[in-house]
Asker: 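Please read through the structure below; I'll follow up with questions.
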Number of protein chains: 2
Amino acid sequence: VSAGERPRAAVVVTGSELLSGTIPDRNGPWLSRELVDLGFEVAHVQVVGDRPDDLAAALRFAADAGCALVVTSGGLGPTADDLTADVVAAFAGRPMELDEAMRAHIDARLADWAARTGFGGEALDRATRKQAMVPRGALALPPAGTAPGLVVPREGGPLVVVLPGPPRELQAVWPAALDSAPVRELLTAVPPAHPRSLRFFGLPESEIAATLRDLGATRDLSGVEVTTCLRRSELEVDLRPGPSTGAVADELHVELAARHARHLVSDDGRSTDELVAEALLARGWTVATGESCTGGMLASRLVDRAGSSAYVAGGVVAYSNEAKTALLGVPAEMIAAHGAVSPQVARALADGARERLGADVGIGITGVAGPGGGTEAKPVGYVCFCLTTGDGRVLARDPRLPGSRADVRERSTDIAMNLLLRALRAGE
Amino acid sequence: VSAGERPRAAVVVTGSELLSGTIPDRNGPWLSRELVDLGFEVAHVQVVGDRPDDLAAALRFAADAGCALVVTSGGLGPTADDLTADVVAAFAGRPMELDEAMRAHIDARLADWAARTGFGGEALDRATRKQAMVPRGALALPPAGTAPGLVVPREGGPLVVVLPGPPRELQAVWPAALDSAPVRELLTAVPPAHPRSLRFFGLPESEIAATLRDLGATRDLSGVEVTTCLRRSELEVDLRPGPSTGAVADELHVELAARHARHLVSDDGRSTDELVAEALLARGWTVATGESCTGGMLASRLVDRAGSSAYVAGGVVAYSNEAKTALLGVPAEMIAAHGAVSPQVARALADGARERLGADVGIGITGVAGPGGGTEAKPVGYVCFCLTTGDGRVLARDPRLPGSRADVRERSTDIAMNLLLRALRAGE
């Protein structure tokens with residue numbers, strides 16, 4: 001289902017290291033989200049190597065796809081294979097010129113670092129000079145690292161915004177790009193996005209498809225773009241109306257939430273993690289973890305959010321049996337009788353963490369993450385969860401989870417977060 | 001620097017949810033790594049939405065870029081916006097046909113799940129029928145989930161390999177694609193990759209650029225593709241020779257390792273994590289963690305590897321001061337005198353974790369992850385590390401780290417892993 005009717009934009013990410021799969025690209029997803037939220041239809045995200053011909057072809061491809069805006073990331077570094085500014089300048093028909101003020105600006109930014117680390121000299125001078133080259137008539141944006149961003153107009157379009165590759169620098173320069181006169185002018189022609197978003201836990205995508213078919217039989221849904229995606233075991237459903245189909249999107253939003261209420265996490269895009277944090281803060285509760293197979297992943301996820309010290313007491317990674325007993329008081333006889341991976345031990349981990357850390361809620365996780373260690377009775381992927389509260393409530397699960405060691409550990413963390421949300425909501 | 005001379009391949013990833021930035025694409029990087037390792041030059045990775053015209057344009061773009069092979073991921077699901085098989089069939093000039101054997105195969109795979117969950121009926125039948133449609137003359141590969149892979153030849157090229165979107169399914173179907181007759185035939189024309197790889201910790205990219213300029217002044221390096229990338233605070237340098245430049249790559253490999261020996265992690269591509277695991281196993285040592293700001297991230301990273309129970313004793317996430325004292329014996333007076341973020345407390349965390357968990361090495365981390373909580377003396381990003389061993393060795397650091405809360409926590413984990421590697425090597 002496509003919304004149409006929106007100006008198109010594209011993202012071109014450069015970096016041969018991204019093509020060799022050494023690291024995943026973080027900028028493409030981040031930029032396309034920004035563009036979608038601004039109201040563009042994102043035609044594509046393209047990752048190309050540090051080869052001028054391929055980058056030039058990617059820019060032409062975006063122009064051919066009717067894009068009004070192209071955002072590039074990367075290729076502004078000091079090495080000879082960093083060629084984005086040159087290629088974009090050629091694409092826009094503008095010669096490169098040294099921007100002396102920018103060179104001085106970069107020099108000043110690096111002076112401290114050079115003095116502290118001892119790296120510097122000719123290697124640094126060359127790097128700075130290269131990074132201060134700007135296409136004639138383009139707008140240079142002050143750098144967050146050492147590479148300035150660029151806003152480069154092209155006769156007949158598209159407008160090209162050139163950003164540095166390190167995600168932190170890219171995100172720091174982006175607001176200045178949005179605030180530049182050429183981008184602001186372009187944005188006046190882009191209708192606002194107004195997306196609606198729902199999140200479900202444990203609901204297969206085919207159920208959403210069935211609901212959409214069912215609703216589509218009696219009304220026209222074609223003006224709303226529906227995308228589904230599974231992230232952290234949550235099925236996120238985004239509804240993106242065109243400029244004139246807001247009412248259809250609203251109706252879909254209400255129907256999807258109502259028909260799958262049992263699995264609903266939120267109907268406003270909030271994630272389990274946000275909701276858990278809010279609910280813990282609202283109650284003034286603290287949480288403690290006793291983890292075996294997840295090895296600290298649950299505690300780390302709880303600590304991800306700023307301000308988490310208000311509701312995270314701490315946790316114990318009790319990976320060995322000795323640690324379970326010494327640090328969380330799990331009786332050695334219990335482990336001997338039921339095994340380290342058992343509902344009994346999960347409960348003892350939860351109680352032990354809660355009591356020893358003086359928290360209101362304790363969560364215990366013990367399981368067989370694999371690839372080794374599985375038995376017929378307790379195969380790889382068998383994981384026991386228990387959540388206990390100071391006022392005597394207990395929530396337990398012991399599913400068998402599919403996938404690799406990493407999959408089992410990540411999904412275990414997801415399930416624990418969902419259990420926590422259920423416990424917090426049950427008491428409302 | 002480009003290797004040239006290699007057959008080209010491209011990756012086309014479909015999914016509007018990837019363009020709205022809801023989740024990052026994992027398949028593009030994974031597939032491009034596979035293709036590079038097979039010896040292809042990867043021309044580009046493209047992410048397009050679930051719009052048939054855009055997918056068709058992406059396939060033509062890959063053909064125009066001279067690609068001999070295109071691998072697609074996604075768009076094989078049960079919903080109406082999953083259109084990859086149809087679009088590829090049209091691109092290759094082949095009509096779609098129902099593969100009855102494949103339909104029976106998928107039905108059988110889903111029977112258990114449908115019975116257990118209660119999801120099924122007409123929604124499921126439609127989904128199965130859709131997923132069993134195959135372009136005439138194409139090869140269908142048995143599914144790992146419910147969507148079969150496809151190998152679709154096209155008159156005049158490229159060969160198109162169509163894979164499902166869920167990363168686990170894609171990776172499970174890939175070996176069968178490689179083993180198919182059309183792909184095997186294509187691979188006979190691809191020279192092996194033989195990449196060389198080096199990893200450095202704490203070395204800026206500009207130093208590698210300077211070394212390459214220096215070496216390039218006296219010899220021709222143009223036949224070796226050099227890519228650098230920073231991942232987990234390690235600078236990874238990959239050298240990819242063309243079919244006839246192996247000797248140049250070898251020389252570069254030796255020179256880069258020698259000139260930056262102080263920062264060298266490995267000259268064979270092994271990561272800090274692999275080296276730490278090997279060294280701990282070789283010594284028969286166990287490690288315990290006492291974490292504050294990283295909140296379990298270090299413990300979780302140590303547990304990432306299969307078999308880690310042999311060398312991970314466990315850890316404590318002592319996020320609150322009370323937890324530091326109760327679980328790891330950090331004296332309350334020490335916290336009062338020096339602050340929870342101090343070299344003294346980092347050491348007490350390391351000692352406490354090591355002793356209480358009966359480990360050979362303890363690592364303590366305490367810092368100001370931000371965004372709040374910074375002071376003039378201890379600003380956001382100030383992190384204290386300490387590593388202690390049972391035989392009395394102590395390694396400590398207290399840098400100020402740049403970036404966001406997530407950056408500070410991730411980099412802290414990287415530094416702790418590097419400290420652990422240094423400690424293990426020092427004792428060799």
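Throughout, a chain's letter reflects where its sequence line sits, starting with A, and its residues are numbered from 1. FYI, side chains are in, hydrogens and waters are out, and symmetry mates aren't considered; it's all heavy atoms of this structure.
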Asker: Do you know which two heavy atoms are closest between B:Leu19 and A:Val45, and how far apart they sit?
Answerer: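 Smallest interatomic distance, heavy atoms only, reads CD2-CG2, 3.4 Å.
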Asker: Within this structure, what is the CG-OG distance for the pair A:Leu357 and B:Ser320, rounded to the nearest 0.5 Å?
Answerer: 6.5 Å
Asker: Please tell me if the side chains of A:Val317 and B:Val316 come closer than 4.5 Å, counting only heavy atoms from C-beta onward.
Answerer: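 The answer is no, as the side chains (C-beta and beyond) never meet within the 4.5 Å cut-off.
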Asker: Using side chain to side chain contact (heavy atoms under 4.5 Å, CB included) as the criterion, list what pairs up with A:Arg356, not counting sequence neighbours.
Answerer: B:Leu327
Asker: Below 4.5 Å, heavy atoms only, C-beta onward: do B:Arg301 and A:Met297 meet side chain to side chain?
Answerer: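 Not in contact.
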Asker: At a heavy-atom separation under 4.5 Å, does B:Asp37 approach chain A through its side chain, its backbone, both, or neither?
Answerer: neither
Asker: Under 4.5 Å from any heavy atom of chain B, what part of A:Ser197 do you find: side chain, backbone, both or neither?
Answerer: neither
Asker: Shorter than 4.5 Å, heavy atoms on both sides: which option in B:Gly373, B:Pro204, B:Gly370, B:Ala58 has the most such pairs with chain A?
Answerer: B:Pro204
Asker: Just give me the residue among B:Asp214, B:Val13, B:Val312, B:Val11 that pairs up with chain A most often, heavy atom to heavy atom, under 4.5 Å.
Answerer: B:Val312
Asker: With salt bridge (Lys or Arg N to Asp or Glu O under 4.0 Å) as the criterion, how do B:Asp64 and A:Arg60 come out once you've worked through the C-alpha distance, each side chain's angles and the decisive distance to 0.1 Å?
Answerer: CA-CA 12 Å; B:Asp64 291 347; A:Arg60 286 195 304 273; over 6 Å; no
Asker: Going through the checks in order, is the side chain to side chain contact (heavy atoms under 4.5 Å, CB included) test met by B:Glu41 and A:Arg51?
Answerer: CA-CA 11 Å; B:Glu41 174 177 282; A:Arg51 290 176 292 259; 3.6 Å; yes
Asker: Is there side-chain contact between B:Val12 and A:His44, with at least one heavy-atom pair below 4.5 Å?
Answerer: no
Asker: Check whether any side-chain N or O of A:Arg168 sits under 3.5 Å from a backbone N or O of B:Ser404 as a donor-acceptor pair, and report yes or no.
Answerer: no
Asker: Hey, what do you get for CG (B:Leu302) to OH (A:Tyr319), rounding to the nearest 0.5 Å?
Answerer: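 That separation rounds to 10.0 Å.
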Asker: Output the option from B:Ala210, B:Ala318, B:Ala313, B:Gly15 having the highest count of non-hydrogen pairs under 4.5 Å with chain A.
Answerer: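 Option with the greatest count: B:Ala313.
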Asker: Say whether, by atom type as modelled, one donor and one acceptor occur between the side chain of B:Ser300 and the main chain of A:Gly296 under 3.5 angstrom.
Answerer: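 Between the backbone of A:Gly296 and the side chain of B:Ser300 there is no qualifying donor-acceptor contact (under 3.5 Å).
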Asker: Specify which of B:Cys293, B:Pro371, B:Ser309 makes the most heavy-atom pairs with chain A at under 4.5 Å.
Answerer: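 The option with the most such pairs is B:Ser309.
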Asker: So which atom in A:Leu18 and which in B:Ser32 form the shortest heavy-atom distance, rounded to 0.1 Å?
Answerer: O-OG, 3.8 Å
Asker: Under the side chain to side chain contact (heavy atoms under 4.5 Å, CB included) criterion, do B:Val303 and A:Glu291 qualify, and how do the steps go?
Answerer: CA-CA 11 Å; B:Val303 172; A:Glu291 301 179 67; over 6 Å; no
Asker: Is it true that A:Asp54 and B:Arg8 make a salt bridge, defined as a side-chain N closer than 4.0 Å to a carboxylate O?
Answerer: yes
Asker: What part of A:Ala65 gets closer than 4.5 Å to chain B, counting heavy atoms only: side chain, backbone, both or neither?
Answerer: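 Neither the backbone nor the side chain of A:Ala65 comes within 4.5 Å of chain B.
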Asker: Among B:Gly49, B:Gly202, B:Pro195, B:Ser308, who wins on heavy-atom pairs under 4.5 Å with chain A?
Answerer: B:Ser308
Asker: Name the option with the most non-hydrogen atom pairs under 4.5 Å to chain B; the candidates are A:Ala299, A:Ala326, A:Gly315, A:Gly372.
Answerer: A:Gly315
Asker: Calculate, to the nearest 0.5 Å, the distance between atoms OG and NZ belonging to A:Ser206 and B:Lys130 respectively.
Answerer: 12.5 Å
Asker: Tell me whether A:Asp304 is salt-bridged to B:Arg409, with the criterion being a basic N under 4.0 Å from an acidic carboxylate O.
Answerer: yes
Asker: Can you tell me which portion of B:Ala406 sits under 4.5 Å from chain A's heavy atoms? Options are side chain, backbone, both or neither.
Answerer: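 Neither part; nothing is under 4.5 Å.
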Asker: Of the backbone (N, CA, C, O) and the side chain (C-beta and beyond), which part of A:Glu207 lies under 4.5 Å from a heavy atom of chain B, both, or neither?
Answerer: side chain
